[in-house]
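Each remark here refers to the structure printed beneath this line.
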Amino acid sequence: MAPLVIPQKAYAAKLDAKGKGKRKADDINVDDDVQQPKQKRNKQRVLLLSSRGVTHRMRHLMNDLETLLPHVKKDSKLDSKSQLHLLPEIADLNNCNNTLYFEARRHEDLYMWATKTPNGPSIKLHVQNVHTMDELKMTGNCLKGSRGILSFDKAFDETEWGKLTKEVFTHIFGVPPLARKAKPFIDHVLTFSILDNKIWFRNFQILEKDPLQPNGPPQTSLVEIGPRFVLTPIRIFEGAFGGATVYSNPEFVTPASVRSAVRHARGDKYRQRKEAQEETSKRKVLRKRDEDALAVSKVFA
């Protein structure tokens with residue numbers, strides 16, 4: 001009867017033939033034990049929320065931004081506009097290190113806060129000329145969840161507030177490659193341009209072929225998708241939603257003061273018209289002649 005116990009040396013030789021078992025000291029590579037430095041991951045997450053009183057156009061703009069940015073976490077509306085200090089805590093609860101907060105006033109004025117939480121900085125901007133995707137009905141289209149290329153105007157590097165704004169917008173609008181809802185495709189471009197001290201936002205699709213000639217040679221072109229809006233920087237704060245003022249725009253005029261000036265101009269026109277009517281009536285009284293002796297009312301009295 002053959003022995004059931006395999007000798008130890010034979011068993012070790014069998015393991016060596018299969019590549020198993022303990023490695024010898026000469027076979028161990030010293031470089032394998034050295035820990036390689038970990039590559040930094042881009043862990044940017046954005047909290048998107050608004051205040052009470054937003055209109056349908058403002059709400060559609062937020063939905064468009066949520067569609068464009070797959071790393072956005074949308075939250076419910078903030079009840080009070082005076083409790084902005086709660087926003088860093090809400091962002092922390094949602095594991096977000098960036099915040100886009102849309103503040104609506106008087107159901108017609110829209111302000112956007114772009115903030116790095118919890119330590120800042122934060123940028124307050126006035127949003128104007130809002131056009132959503134559904135409203136524009138552009139021919140461009142892109143894959144939902146795809147990553148976009150950020151294109152900044154060279155005017156951002158000419159001023160200090162432009163450099164800071166560019167850095168904050170890069171963290172917020174730049175989709176991380178390992179975002180949970182992001183897809184490994186790059187098929188659109190987000191452009192930020194400075195003109196008249198305002199930031200113009202546009203979204204374009206990257207076309208590699210001419211749609212009129214699908215079988216023709218490759219020709220890269222851009223087709224606008226939407227949305228589009230204009231941002232006017234108001235103030236940059238050192239902290240999150242407050243703190244010391246880093247930059248203040250001296251040319252910014254609040255929309256309420258603009259409407260007030262328009263109302264005063266209309267009041268001036270009304271006042272001038274009434275003064276002209278009074279002067280006309282006074283001239284008529286002065287030019288009226290007295291009745292003489294041959295007047296009809298006296299002759300046939």
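Note: H126 and F252 have perpendicular aromatic rings, judged against thresholds of 30 and 60 degrees for the angle between ring planes.
Using a cut-off of 4.0 Å between Lys/Arg side-chain N and Asp/Glu carboxylate O, E135 and R57 are scored as salt-bridged. Ion pairing between a basic and an acidic side chain is recognised when a charged N comes within 4.0 Å of a carboxylate O; K163 and D157 show no such pairing. We find that D109 and R259 are joined by a salt bridge, their nearest charged nitrogen and carboxylate oxygen being less than 4.0 Å apart.
Applying the side chain to side chain contact (heavy atoms under 4.5 Å, CB included) test to H85 and every residue at least two apart in sequence or in another chain returns Q83.
The closest side-chain donor-acceptor pair between S50 and K77, if any, does not fall under 3.5 angstrom. With no hydrogens or angles considered, a side-chain donor-acceptor pair links S257 and T254 at under 3.5 Å.
Taking CZ from F204 and OG from S151, the interatomic distance works out to 9.0 Å, rounded to the nearest 0.5 Å.
Counting only heavy atoms from C-beta outward, the side chains of F152 and T170 approach each other to under 4.5 Å. In this structure the side chain of L164 reaches within 4.5 angstrom of the side chain of I236, judged on heavy atoms.
Under the 4.5 Å side-chain heavy-atom criterion for ILVMFWY residues, a single connected hydrophobic cluster contains both F201 and V175.
No cation-pi contact links K166 to F192, judged by a cut-off of 6.0 Å to the six-membered ring centre and 45° from its axis.
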| ring pair (Phe, Tyr, Trp, His ring centres under 6.0 Å) between W161 and F156: does it pass, once the steps are laid out? | CA-CA 8 Å; W161 70 268; F156 278 94; 7.1 Å; no
